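Indexing begins at 1, ligand by ligand and atom by atom, following the structure's order. Fair warning: this is a prediction, and the values are worked out from it, not measured in the lab.
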Amino acid sequence: MKLILLGAPGAGKGTQAEIISETLRIPTISTGNIIREALKSGTELGRKAKGYMDSGQLVPDDIVIGIIRDRLAQPDCADGFILDGFPRTIPQAEALDRMGVAIDRVIEIEVADDTIARRVSGRRICPGCGSSYHVDYKRPTVEGICDRCGDTLVQRQDDRPDTVRERLSVYHEQTEPLKSYYAAAGKLFVVEGQEEIADTSRLVLAALEQ
Ligand code: AMP
C-alpha cells in the first residue's frame, strides 16, 4: 500500500500515520520530521530549510523532492509506505509521478480552520524521536515526557499562533489544489477529522478497505 495523507497542519496526519503504520506494518515518511531532524543535527539541509520552516513557508520543491527520492529508495519502502506531509504542491506530486511511484490511495483528513487553531495550540512533540502528543487528545503516560524515548516534550516553534495562521494560508493556496489533482486520478478519499483520534482512525482504516 502506497498511501498519501493530505490535510491542513494539525489535522492529525502524523497521528493517523502512526496508527496505519502499526496496522499495515509499513513505514511513515514525514518530510517535516526529516527536516526537523536535519535542523537539530545542523546539516546543510537543516540550514537551508530553517528560515522557511520558522516562518511557516514551504521549503523549496527541489529540496523536498530530493529528500523523498532518497528516502523512497531505502529497502524498508519496498512493500509500501505512508507519506505524511508530502506532496504539498502540484510540482511535488508531478515529481512523484515522474519517479514512477504508483500511489494507491490519497486520504484527506478534513478539519475546519478554527478547529485547527485550537488543536495545534495543544500539540507537543518529542525532539528525540519525533512522536506527537496533545495536551487533551493524546497525553503521554507521564506528563511532559515521551512514552517512546523518555525525552522532554516541547511545543514546535512553528505551532505558535501567528505561524499557524501563515501555514494555514499556505495550505489553502498551495496544497489544497492537490485534492483535485488526486480526485481526477480517482485516488482521493475524504475523511472528516473527528474530535476523538480513535473515531478518525476507524474512518481512515475503512477508507483503506474501500
Ligand atoms: P510538518 O511537520 O509536515 O507540518 O512540516 C513542517 C514544515 O516543514 C512545513 O511548514 C514546511 O516548512 C516544511 N515541509 C515539510 N514538508 C514539506 C513539503 N513537502 N514541502 C515543502 N515544505 C515542507
Side-chain angles (χ1 to χ4, degrees), residues 2-18 20-21 27-41 43-72 81-99 101 103 106-109 111 113 116-117 119-134 138 153-179 181-182 193:
K2 294 178 180 138
L3 182 68
I4 291 173
L5 289 182
L6 270 187
K13 299 185 297 294
T15 301
Q16 295 304 327
E18 276 176 32
I20 303 167
S21 172
T28 296
I29 298 162
S30 153
T31 38
N33 278 356
I34 295 172
I35 296 168
R36 274 185 290 280
E37 194 57 42
L39 275 174
K40 206 173 64 178
S41 41
T43 62
E44 198 196 335
L45 164 63
R47 278 195 297 278
K48 279 190 193 155
K50 185 174 178 359
Y52 298 104
M53 200 173 204
D54 286 351
S55 60
Q57 299 298 317
L58 295 184
V59 172
D61 286 337
D62 56 331
I63 298 181
V64 279
I65 290 166
I67 293 175
I68 284 293
R69 184 177 288 117
D70 291 349
R71 183 63 188 86
L72 293 184
F81 47 79
I82 305 156
L83 293 178
D84 161 14
F86 184 96
R88 257 180 158 100
T89 63
I90 297 278
Q92 291 179 20
E94 290 170 345
L96 201 55
D97 290 343
R98 276 198 304 275
M99 282 178 222
V101 176
I103 294 297
V106 178
I107 297 188
E108 193 229 348
I109 306 175
V111 176
D113 282 8
I116 291 284
R119 282 201 197 173
V120 168
S121 67
R123 172 155 72 178
R124 300 291 179 269
I125 63 154
C126 172
C129 68
S131 297
S132 187
Y133 295 87
H134 193 280
K138 194 183 173 204
L153 303 181
V154 296
Q155 184 173 37
R156 275 169 52 171
Q157 186 73 30
D158 60 347
D159 275 351
R160 311 273 156 93
D162 279 359
T163 319
V164 170
R165 268 193 293 278
E166 182 58 28
R167 289 165 65 206
L168 271 175
S169 95
V170 166
Y171 173 76
H172 291 305
E173 270 171 35
Q174 300 193 52
T175 307
E176 235 176 354
L178 288 175
K179 283 162 62 176
Y181 183 89
Y182 287 115

Review point. Can you find a heavy atom in the side chain of I4 that is under 4.5 Å from one in the side chain of P87?
Key: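 Contact flag for I4/P87 side chains = yes.
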Point to revise | Note, L83 side chain near I68 side chain (heavy atom, < 4.5 Å) | key: yes
What does the contact table look like for ligand 1 (nitrogen or oxygen on each side, cut-off under 3.5 Å)?
| residue | atom | partner | partner atom | Å |
| --- | --- | --- | --- | --- |
| ligand 1 | 2 (O) | R36 | NH1 | 3.0 |
| ligand 1 | 2 (O) | R36 | NH2 | 2.9 |
| ligand 1 | 2 (O) | R156 | NH1 | 3.2 |
| ligand 1 | 2 (O) | R156 | NH2 | 3.4 |
| ligand 1 | 3 (O) | R88 | NH1 | 3.0 |
| ligand 1 | 3 (O) | R88 | NH2 | 3.1 |
| ligand 1 | 4 (O) | R88 | NH2 | 3.2 |
| ligand 1 | 4 (O) | R156 | NH2 | 3.0 |
| ligand 1 | 4 (O) | R167 | NH2 | 3.2 |
| ligand 1 | 12 (O) | Q57 | O | 2.6 |
| ligand 1 | 16 (N) | T31 | OG1 | 2.8 |
| ligand 1 | 16 (N) | G85 | O | 3.4 |
| ligand 1 | 16 (N) | R88 | NH1 | 3.0 |
| ligand 1 | 19 (N) | G85 | O | 2.8 |
| ligand 1 | 19 (N) | Q92 | OE1 | 3.0 |
| ligand 1 | 20 (N) | Q92 | NE2 | 2.9 |
| ligand 1 | 22 (N) | V59 | N | 3.0 |

Check your understanding: Heavy-atom count around Y181 OH within 6.0 Å, excluding the residue itself: above 12?
Key -> yes
Point to revise | Qualifying salt bridge (charged side-chain N to carboxylate O under 4.0 Å, His left out) pairs, either residue in residues 44-54, two or more places apart | key: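 Qualifying pairs: E44-K48, K50-D54.
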Check your understanding: When rounded to the nearest 0.5 angstrom, what is the spacing between OG1 in T89 and CD in Q174?
Key -> 7.0 Å
Review point. Can you tell which of E94, R88, Q92 makes a side chain to side chain contact (heavy atoms under 4.5 Å, CB included) with D61?
Key: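 Output: one option passes, namely Q92.
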